[in-house]
Amino acid sequence: MQHKNTIKLLFLAGITMLLASCANDDDTAFTPMEFTTPTYETNLELLLGDTLKLNQEILNLPENVQFKWTTEDTVLSILQNLEYIPKQAKTFALTFKATTNLDSISRTYQVKVNDPYDVYYRPKSSESSSLISQVLAYNPAPGQFINSSFGTPEDAQKLVGSTTNTISLGAWGGSILVGFDHTIENVADAKDFLVYGNAFNGLSEPGIVQVSFDTNGNGLADDTFYELRGSAHADAATLTNYTTTYTNPGMHADVPWLDSLNTAGSVVVNSYHPQNFYPLFITELEEVSYTGTRVFPVVSNSGFTNIAALEWGYVDNYDADYATYKGNLLDIDQAIDADGNSVNLRGIDFIRIYTGAQVNAGALGELSTEIRGIADFSMLE
Ligand SMILES: [Ca+2]
Ligand SMILES: [Ca+2]
Ligand SMILES: [Ca+2]
Ligand SMILES: [Ca+2]
(Lines give C-alpha, C1' and ligand atoms only; values in the text may rest on other atoms or scores of the structure.)
(Ligands and ions follow the chains in the order given, each with its own letter.)
Protein backbone atom coordinates (compact mmCIF):
# COMPACT_ATOMS: atom_id res chain seq x y z
CA MET A 1 0.00 0.00 0.00
CA GLN A 2 2.69 2.37 1.08
CA HIS A 3 4.54 1.78 -2.15
CA LYS A 4 1.50 2.49 -4.40
CA ASN A 5 0.89 5.86 -2.76
CA THR A 6 4.44 6.94 -3.48
CA ILE A 7 3.94 6.24 -7.18
CA LYS A 8 0.65 8.19 -7.16
CA LEU A 9 2.35 11.18 -5.59
CA LEU A 10 5.16 11.18 -8.10
CA PHE A 11 2.60 10.97 -10.92
CA LEU A 12 0.68 13.98 -9.59
CA ALA A 13 3.90 15.92 -9.23
CA GLY A 14 4.59 15.20 -12.90
CA ILE A 15 1.21 16.52 -14.00
CA THR A 16 1.74 19.72 -12.00
CA MET A 17 5.10 20.34 -13.65
CA LEU A 18 3.58 19.81 -17.09
CA LEU A 19 0.79 22.28 -16.36
CA ALA A 20 3.33 24.78 -15.10
CA SER A 21 5.30 24.58 -18.33
CA CYS A 22 2.11 25.06 -20.41
CA ALA A 23 1.26 28.12 -18.36
CA ASN A 24 4.71 29.52 -19.18
CA ASP A 25 4.07 29.10 -22.93
CA ASP A 26 0.80 30.97 -22.63
CA ASP A 27 2.69 33.88 -21.14
CA THR A 28 4.70 34.48 -24.36
CA ALA A 29 2.37 35.81 -27.05
CA PHE A 30 2.27 33.43 -30.04
CA THR A 31 2.82 35.21 -33.38
CA PRO A 32 2.14 33.14 -36.47
CA MET A 33 4.74 32.88 -39.24
CA GLU A 34 4.08 34.77 -42.45
CA PHE A 35 5.87 35.25 -45.77
CA THR A 36 7.57 38.63 -46.15
CA THR A 37 5.79 39.21 -49.44
CA PRO A 38 2.08 38.40 -49.54
CA THR A 39 2.07 37.35 -53.22
CA TYR A 40 4.51 35.32 -55.26
CA GLU A 41 5.07 34.02 -58.79
CA THR A 42 3.45 30.59 -58.93
CA ASN A 43 4.52 29.65 -62.46
CA LEU A 44 8.26 29.12 -62.85
CA GLU A 45 10.16 28.25 -65.99
CA LEU A 46 13.78 27.20 -66.48
CA LEU A 47 16.04 25.32 -68.85
CA LEU A 48 17.13 21.75 -68.29
CA GLY A 49 20.60 21.91 -66.77
CA ASP A 50 19.91 25.15 -64.91
CA THR A 51 19.57 25.33 -61.13
CA LEU A 52 16.20 26.20 -59.64
CA LYS A 53 16.92 28.66 -56.82
CA LEU A 54 14.10 29.77 -54.54
CA ASN A 55 14.47 31.98 -51.52
CA GLN A 56 11.71 32.03 -48.87
CA GLU A 57 11.71 35.03 -46.58
CA ILE A 58 9.55 34.44 -43.52
CA LEU A 59 8.63 36.73 -40.62
CA ASN A 60 8.33 35.54 -36.99
CA LEU A 61 10.41 32.47 -37.69
CA PRO A 62 10.64 30.35 -34.49
CA GLU A 63 13.78 28.34 -33.77
CA ASN A 64 12.14 24.94 -33.92
CA VAL A 65 10.70 25.42 -37.44
CA GLN A 66 11.13 22.66 -40.00
CA PHE A 67 11.26 23.24 -43.76
CA LYS A 68 10.32 20.88 -46.53
CA TRP A 69 10.40 21.24 -50.31
CA THR A 70 8.51 18.42 -52.03
CA THR A 71 7.45 17.36 -55.48
CA GLU A 72 4.87 14.59 -55.55
CA ASP A 73 6.16 12.37 -52.73
CA THR A 74 9.82 13.25 -53.06
CA VAL A 75 11.51 15.53 -50.57
CA LEU A 76 13.92 17.79 -52.49
CA SER A 77 15.30 19.73 -49.54
CA ILE A 78 14.79 20.44 -45.85
CA LEU A 79 16.46 23.85 -46.01
CA GLN A 80 14.73 27.22 -46.11
CA ASN A 81 16.17 28.00 -49.55
CA LEU A 82 16.02 25.58 -52.44
CA GLU A 83 18.78 24.85 -54.95
CA TYR A 84 17.67 22.05 -57.22
CA ILE A 85 18.74 20.86 -60.68
CA PRO A 86 15.84 19.06 -62.39
CA LYS A 87 16.89 15.90 -64.22
CA GLN A 88 14.22 15.94 -66.94
CA ALA A 89 12.33 18.38 -69.13
CA LYS A 90 8.78 18.29 -67.68
CA THR A 91 6.25 20.28 -65.67
CA PHE A 92 5.84 19.46 -62.00
CA ALA A 93 4.20 20.81 -58.85
CA LEU A 94 6.55 22.01 -56.14
CA THR A 95 5.50 22.65 -52.54
CA PHE A 96 7.32 24.52 -49.80
CA LYS A 97 6.22 24.09 -46.20
CA ALA A 98 7.44 25.64 -42.95
CA THR A 99 6.09 23.82 -39.91
CA THR A 100 6.26 24.08 -36.12
CA ASN A 101 4.15 22.18 -33.57
CA LEU A 102 1.79 25.19 -33.41
CA ASP A 103 1.88 26.64 -36.89
CA SER A 104 2.38 25.91 -40.59
CA ILE A 105 2.61 27.96 -43.79
CA SER A 106 3.14 26.79 -47.36
CA ARG A 107 3.43 27.79 -50.97
CA THR A 108 3.00 25.80 -54.16
CA TYR A 109 4.49 26.33 -57.60
CA GLN A 110 4.13 24.95 -61.09
CA VAL A 111 7.64 24.45 -62.49
CA LYS A 112 8.18 24.05 -66.22
CA VAL A 113 11.58 22.65 -67.23
CA ASN A 114 12.31 23.28 -70.91
CA ASP A 115 14.70 21.21 -72.99
CA PRO A 116 17.19 23.73 -74.47
CA TYR A 117 16.98 21.78 -77.73
CA ASP A 118 13.24 22.53 -77.95
CA VAL A 119 13.94 26.24 -77.45
CA TYR A 120 17.25 26.94 -79.21
CA TYR A 121 17.69 24.29 -81.91
CA ARG A 122 18.31 26.05 -85.25
CA PRO A 123 17.28 23.61 -88.00
CA LYS A 124 18.95 23.92 -91.37
CA SER A 125 16.95 25.49 -94.18
CA SER A 126 17.40 25.95 -97.92
CA GLU A 127 19.28 29.18 -97.04
CA SER A 128 21.77 27.47 -94.73
CA SER A 129 25.43 27.10 -95.58
CA SER A 130 26.95 23.67 -95.07
CA LEU A 131 30.27 25.32 -94.14
CA ILE A 132 31.73 27.29 -91.23
CA SER A 133 29.92 30.63 -90.83
CA GLN A 134 32.19 32.18 -88.19
CA VAL A 135 35.62 31.72 -86.63
CA LEU A 136 35.20 32.64 -82.97
CA ALA A 137 38.74 32.04 -81.71
CA TYR A 138 42.14 31.02 -82.99
CA ASN A 139 44.61 30.12 -80.25
CA PRO A 140 47.42 28.10 -81.81
CA ALA A 141 50.39 26.64 -79.99
CA PRO A 142 53.89 27.52 -81.27
CA GLY A 143 54.72 26.10 -84.69
CA GLN A 144 56.56 26.67 -87.93
CA PHE A 145 53.52 28.18 -89.70
CA ILE A 146 52.50 30.44 -86.81
CA ASN A 147 52.83 34.20 -87.45
CA SER A 148 53.42 33.22 -91.09
CA SER A 149 51.43 31.64 -93.91
CA PHE A 150 48.66 29.33 -92.51
CA GLY A 151 49.12 30.75 -89.03
CA THR A 152 47.60 34.21 -88.56
CA PRO A 153 44.15 35.36 -87.39
CA GLU A 154 43.50 36.54 -90.97
CA ASP A 155 44.25 33.03 -92.26
CA ALA A 156 41.88 31.61 -89.64
CA GLN A 157 39.04 33.84 -90.89
CA LYS A 158 39.50 32.42 -94.40
CA LEU A 159 37.89 29.16 -93.22
CA VAL A 160 34.49 30.89 -93.35
CA GLY A 161 32.43 29.48 -96.21
CA SER A 162 35.45 27.75 -97.73
CA THR A 163 37.37 24.46 -97.89
CA THR A 164 40.39 25.62 -99.87
CA ASN A 165 42.38 27.63 -97.31
CA THR A 166 44.62 26.03 -94.71
CA ILE A 167 45.09 26.96 -91.07
CA SER A 168 47.70 25.34 -88.83
CA LEU A 169 47.03 24.90 -85.10
CA GLY A 170 50.70 24.62 -84.13
CA ALA A 171 51.98 22.07 -81.61
CA TRP A 172 49.94 20.19 -79.01
CA GLY A 173 46.94 22.06 -77.59
CA GLY A 174 46.71 24.83 -80.18
CA SER A 175 43.07 25.30 -81.20
CA ILE A 176 40.47 26.91 -83.38
CA LEU A 177 36.81 27.49 -82.49
CA VAL A 178 34.17 27.82 -85.20
CA GLY A 179 30.41 28.18 -85.54
CA PHE A 180 27.70 27.51 -88.12
CA ASP A 181 24.56 29.32 -89.28
CA HIS A 182 22.40 26.38 -88.15
CA THR A 183 22.58 23.54 -85.66
CA ILE A 184 24.39 20.50 -87.08
CA GLU A 185 22.05 17.63 -86.39
CA ASN A 186 23.27 14.44 -84.74
CA VAL A 187 21.88 12.09 -87.40
CA ALA A 188 21.12 8.70 -85.82
CA ASP A 189 23.53 5.90 -86.71
CA ALA A 190 25.48 8.16 -89.08
CA LYS A 191 28.46 10.47 -89.07
CA ASP A 192 27.53 14.12 -88.95
CA PHE A 193 30.28 16.47 -90.10
CA LEU A 194 33.37 16.42 -92.27
CA VAL A 195 36.62 18.16 -91.32
CA TYR A 196 38.96 18.81 -94.25
CA GLY A 197 42.70 18.58 -93.59
CA ASN A 198 45.99 18.17 -95.44
CA ALA A 199 46.94 14.68 -94.31
CA PHE A 200 48.39 12.01 -96.54
CA ASN A 201 49.47 8.45 -96.05
CA GLY A 202 52.42 8.64 -93.66
CA LEU A 203 51.72 12.16 -92.44
CA SER A 204 48.83 12.19 -90.04
CA GLU A 205 48.72 15.00 -87.48
CA PRO A 206 45.77 14.00 -85.33
CA GLY A 207 43.57 16.81 -84.06
CA ILE A 208 41.01 16.25 -81.33
CA VAL A 209 37.44 17.52 -81.75
CA GLN A 210 35.12 19.05 -79.17
CA VAL A 211 31.51 20.08 -79.74
CA SER A 212 28.94 22.25 -78.01
CA PHE A 213 25.28 23.16 -78.30
CA ASP A 214 24.30 26.79 -77.61
CA THR A 215 22.31 25.71 -74.56
CA ASN A 216 21.59 29.25 -73.33
CA GLY A 217 20.77 30.51 -76.82
CA ASN A 218 22.98 33.61 -76.61
CA GLY A 219 24.97 32.89 -79.78
CA LEU A 220 28.20 32.64 -77.78
CA ALA A 221 30.29 29.52 -77.26
CA ASP A 222 29.98 29.82 -73.47
CA ASP A 223 28.24 26.48 -72.98
CA THR A 224 29.63 23.06 -72.04
CA PHE A 225 31.97 21.50 -74.60
CA TYR A 226 32.12 17.74 -75.05
CA GLU A 227 35.07 15.94 -76.55
CA LEU A 228 34.46 13.41 -79.30
CA ARG A 229 36.02 10.12 -78.32
CA GLY A 230 38.38 8.65 -80.92
CA SER A 231 40.04 5.26 -81.18
CA ALA A 232 43.13 6.33 -79.19
CA HIS A 233 41.16 7.81 -76.28
CA ALA A 234 41.09 4.36 -74.63
CA ASP A 235 44.84 3.75 -75.07
CA ALA A 236 46.78 3.34 -71.84
CA ALA A 237 49.33 5.95 -72.97
CA THR A 238 46.72 8.63 -73.64
CA LEU A 239 46.82 11.53 -71.20
CA THR A 240 43.65 13.34 -70.19
CA ASN A 241 43.32 16.57 -68.23
CA TYR A 242 46.84 17.23 -69.38
CA THR A 243 48.36 20.73 -69.50
CA THR A 244 51.36 22.13 -71.33
CA THR A 245 52.78 25.62 -70.87
CA TYR A 246 54.79 27.24 -73.68
CA THR A 247 57.16 30.15 -73.02
CA ASN A 248 57.80 32.84 -75.62
CA PRO A 249 61.55 32.95 -76.43
CA GLY A 250 61.02 36.43 -77.92
CA MET A 251 62.82 35.50 -81.13
CA HIS A 252 63.38 32.77 -83.72
CA ALA A 253 64.49 30.10 -81.24
CA ASP A 254 63.23 26.79 -79.88
CA VAL A 255 60.07 27.37 -77.85
CA PRO A 256 60.40 25.65 -74.46
CA TRP A 257 57.45 23.89 -72.88
CA LEU A 258 56.79 22.26 -69.52
CA ASP A 259 53.83 19.92 -69.01
CA SER A 260 51.73 18.90 -66.03
CA LEU A 261 53.86 15.76 -65.60
CA ASN A 262 56.88 18.04 -65.19
CA THR A 263 58.33 16.90 -68.49
CA ALA A 264 60.17 19.59 -70.42
CA GLY A 265 60.60 19.84 -74.17
CA SER A 266 60.62 22.34 -76.95
CA VAL A 267 59.04 23.14 -80.28
CA VAL A 268 62.19 23.09 -82.39
CA VAL A 269 62.77 25.79 -84.97
CA ASN A 270 64.16 25.16 -88.44
CA SER A 271 65.82 27.38 -91.03
CA TYR A 272 62.90 27.19 -93.49
CA HIS A 273 60.73 29.34 -91.22
CA PRO A 274 62.74 32.27 -89.85
CA GLN A 275 60.02 33.93 -87.73
CA ASN A 276 59.28 33.56 -84.01
CA PHE A 277 57.20 30.33 -83.69
CA TYR A 278 55.34 31.59 -80.60
CA PRO A 279 51.93 33.08 -81.54
CA LEU A 280 52.37 36.84 -81.24
CA PHE A 281 48.67 37.73 -81.66
CA ILE A 282 47.26 35.89 -78.61
CA THR A 283 46.56 37.58 -75.28
CA GLU A 284 49.18 35.59 -73.35
CA LEU A 285 52.41 36.95 -74.79
CA GLU A 286 54.85 35.63 -72.15
CA GLU A 287 53.58 32.12 -71.69
CA VAL A 288 50.43 30.22 -72.54
CA SER A 289 48.93 27.03 -71.09
CA TYR A 290 46.65 24.64 -72.92
CA THR A 291 44.71 21.76 -71.35
CA GLY A 292 43.19 18.69 -72.97
CA THR A 293 43.87 15.15 -74.11
CA ARG A 294 47.21 14.06 -75.55
CA VAL A 295 47.37 11.05 -77.85
CA PHE A 296 50.48 9.20 -79.06
CA PRO A 297 50.47 8.23 -82.74
CA VAL A 298 53.19 5.84 -83.91
CA VAL A 299 56.11 7.88 -85.27
CA SER A 300 58.92 6.25 -87.21
CA ASN A 301 62.12 8.18 -87.88
CA SER A 302 63.86 5.65 -90.14
CA GLY A 303 64.66 7.82 -93.15
CA PHE A 304 61.82 10.26 -93.79
CA THR A 305 59.62 10.74 -90.70
CA ASN A 306 56.41 8.77 -90.91
CA ILE A 307 53.45 9.48 -88.61
CA ALA A 308 50.89 6.67 -88.72
CA ALA A 309 47.18 7.42 -88.69
CA LEU A 310 45.07 6.74 -85.64
CA GLU A 311 42.23 4.38 -86.47
CA TRP A 312 39.23 6.75 -86.25
CA GLY A 313 37.79 9.84 -84.58
CA TYR A 314 40.52 12.46 -85.27
CA VAL A 315 41.07 15.11 -87.94
CA ASP A 316 44.02 15.76 -90.29
CA ASN A 317 44.45 12.02 -89.86
CA TYR A 318 44.71 9.61 -92.79
CA ASP A 319 42.09 7.10 -91.64
CA ALA A 320 39.86 4.82 -93.73
CA ASP A 321 37.52 7.70 -94.78
CA TYR A 322 40.25 10.18 -95.64
CA ALA A 323 41.06 9.23 -99.24
CA THR A 324 37.37 9.25 -100.14
CA TYR A 325 36.38 12.53 -98.47
CA LYS A 326 39.64 14.53 -98.27
CA GLY A 327 38.88 14.78 -94.63
CA ASN A 328 37.62 13.03 -91.55
CA LEU A 329 34.03 12.19 -90.72
CA LEU A 330 32.97 12.68 -87.13
CA ASP A 331 29.96 11.32 -85.26
CA ILE A 332 28.38 13.47 -82.52
CA ASP A 333 27.37 10.21 -80.84
CA GLN A 334 31.01 9.91 -79.70
CA ALA A 335 30.61 12.92 -77.38
CA ILE A 336 31.79 12.32 -73.82
CA ASP A 337 31.68 14.46 -70.70
CA ALA A 338 34.65 15.41 -68.50
CA ASP A 339 34.40 12.03 -66.73
CA GLY A 340 34.46 10.11 -70.02
CA ASN A 341 30.76 9.20 -69.94
CA SER A 342 28.77 9.28 -73.19
CA VAL A 343 26.39 12.19 -73.59
CA ASN A 344 23.39 12.37 -75.85
CA LEU A 345 23.46 15.53 -78.01
CA ARG A 346 20.69 16.17 -80.55
CA GLY A 347 22.85 18.66 -82.39
CA ILE A 348 25.74 21.10 -82.06
CA ASP A 349 26.42 24.75 -82.87
CA PHE A 350 30.16 25.05 -82.15
CA ILE A 351 33.23 22.95 -82.92
CA ARG A 352 36.65 23.33 -81.34
CA ILE A 353 39.63 21.46 -82.74
CA TYR A 354 43.07 21.21 -81.13
CA THR A 355 46.32 19.50 -82.05
CA GLY A 356 46.25 16.18 -80.17
CA ALA A 357 49.91 15.09 -80.15
CA GLN A 358 53.28 16.58 -79.22
CA VAL A 359 55.93 15.31 -81.63
CA ASN A 360 59.12 16.73 -83.09
CA ALA A 361 58.99 15.38 -86.61
CA GLY A 362 62.56 16.24 -87.60
CA ALA A 363 62.78 17.99 -90.95
CA LEU A 364 58.96 18.14 -91.07
CA GLY A 365 58.93 20.43 -88.05
CA GLU A 366 56.47 19.92 -85.21
CA LEU A 367 53.42 17.74 -85.54
CA SER A 368 50.63 20.31 -85.98
CA THR A 369 47.06 19.74 -87.05
CA GLU A 370 45.90 21.63 -90.15
CA ILE A 371 42.31 22.09 -91.20
CA ARG A 372 40.85 23.45 -94.42
CA GLY A 373 37.20 23.76 -93.43
CA ILE A 374 34.27 21.88 -91.95
CA ALA A 375 31.02 20.81 -93.61
CA ASP A 376 27.67 19.62 -92.29
CA PHE A 377 27.78 16.14 -93.82
CA SER A 378 23.99 15.87 -94.07
CA MET A 379 24.08 18.73 -96.59
CA LEU A 380 26.70 17.16 -98.86
CA GLU A 381 24.88 14.01 -99.86
CA1 LIG B 1 25.41 10.88 -85.60
CA1 LIG C 1 25.90 30.12 -75.47
CA1 LIG D 1 51.20 20.34 -89.67
CA1 LIG E 1 48.73 18.26 -91.58
Side-chain angles (χ1 to χ4, degrees), residues 117 124 140-151 155-156 159 163 165-176 183-209 211 213 226 228-230 267-270 272-273 277 279 295 297 299 304-310 312-319 321-323 326-336 342-348 351 353-381:
Y117 278 106
K124 63 181 179 239
Q144 61 194 330
F145 301 114
I146 306 307
N147 307 314
S148 179
S149 53
F150 318 137
D155 293 323
L159 293 188
T163 62
N165 299 299
T166 304
I167 191 79
S168 180
L169 305 181
W172 182 86
S175 69
I176 192 162
T183 302
I184 297 178
E185 181 186 357
N186 180 9
V187 180
D189 304 318
K191 293 171 182 174
D192 307 297
F193 59 90
L194 173 59
V195 181
Y196 299 93
N198 66 355
F200 53 86
N201 196 4
L203 185 55
S204 287
E205 301 185 287
I208 294 172
V209 181
V211 296
F213 179 68
Y226 300 97
L228 298 189
R229 180 198 290 118
V267 179
V268 178
V269 290
N270 55 48
Y272 309 113
H273 303 279
F277 281 22
V295 295
V299 180
F304 204 66
T305 299
N306 182 297
I307 307 172
L310 299 172
W312 58 267
Y314 303 92
V315 304
D316 199 16
N317 179 54
Y318 201 81
D319 65 12
D321 290 327
Y322 202 94
K326 303 277 179 266
N328 299 96
L329 281 169
L330 282 299
D331 189 344
I332 298 169
D333 270 339
Q334 296 299 341
I336 50 173
S342 291
V343 290
N344 195 2
L345 304 175
R346 276 161 60 186
I348 54 138
I351 298 175
I353 294 175
Y354 64 97
T355 299
Q358 183 73 278
V359 175
N360 269 325
L364 294 176
E366 81 293 333
L367 182 154
S368 52
T369 301
E370 278 81 32
I371 72 164
R372 293 164 64 83
I374 304 178
D376 179 340
F377 193 55
S378 73
M379 297 173 75
L380 297 185
E381 293 171 304

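These figures come from a predicted structure and were not determined experimentally. Atoms within each ligand, like the ligands themselves, are counted from 1 in listed order.
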(request) Give the minimum heavy-atom separation between L330 and V315, together with the two atoms involved. (result) CD2-CG1, 3.8 Å
(message) Is it true that T183 and E185 share a donor-acceptor pair across their side chains at a distance under 3.5 Å?
(response) no
(request) Consider only side-chain N and O atoms of S168 and E370, and report whether a donor and an acceptor are under 3.5 Å apart. (result) yes
(message) Under 3.0 Å from the Ca ion (ligand 1), can any N, O or S atom of K191 be found?
(response) no
(message) Would you say the Ca ion (ligand 4) has N198 as a near neighbour, meaning an N/O/S atom of that residue under 3.0 Å away?
(response) yes
(message) Using 0.5 Å steps for rounding, measure from the CZ atom of R372 to the CG atom of L159.
(response) 10.0 Å
(request) May I ask you to check whether T163 and K326 show a side-chain donor-acceptor distance below 3.5 Å? (result) no
(request) Would you mind naming the N, O or S atom of E370 nearest to the Ca ion (ligand 4)? (result) OE1
(message) Nearest 10°: the angle subtended at the Ca ion (ligand 3) by S368 OG and E205 OE1?
(response) 140°
(request) Of all N, O or S atoms in D331, identify the one at the shortest distance from the Ca ion (ligand 1). (result) OD1
(message) I'd like to know: is the Ca ion (ligand 3) within the 3.0 Å range of an N/O/S atom from D316, strictly under that distance?
(response) no
(message) Any N/O/S atom, side chain or main chain, of D333 closer to the Ca ion (ligand 1) than 3.0 Å?
(response) no
(message) Under 3.0 Å from the Ca ion (ligand 1) - does any N, O or S atom of V187 fall there?
(response) yes
(message) Going by the rule salt bridge (Lys or Arg N to Asp or Glu O under 4.0 Å), which residues pair with D155 if we only count those two or more places apart in sequence or in a different chain?
(response) K158
(message) For Q144 versus L364, what's the shortest heavy-atom pair and its separation?
(response) NE2-O, 2.8 Å
(message) Quick check for you: with the Ca ion (ligand 1) as the vertex, what angle do OD1 of N186 and OD2 of D192 span, to 10°?
(response) 80°
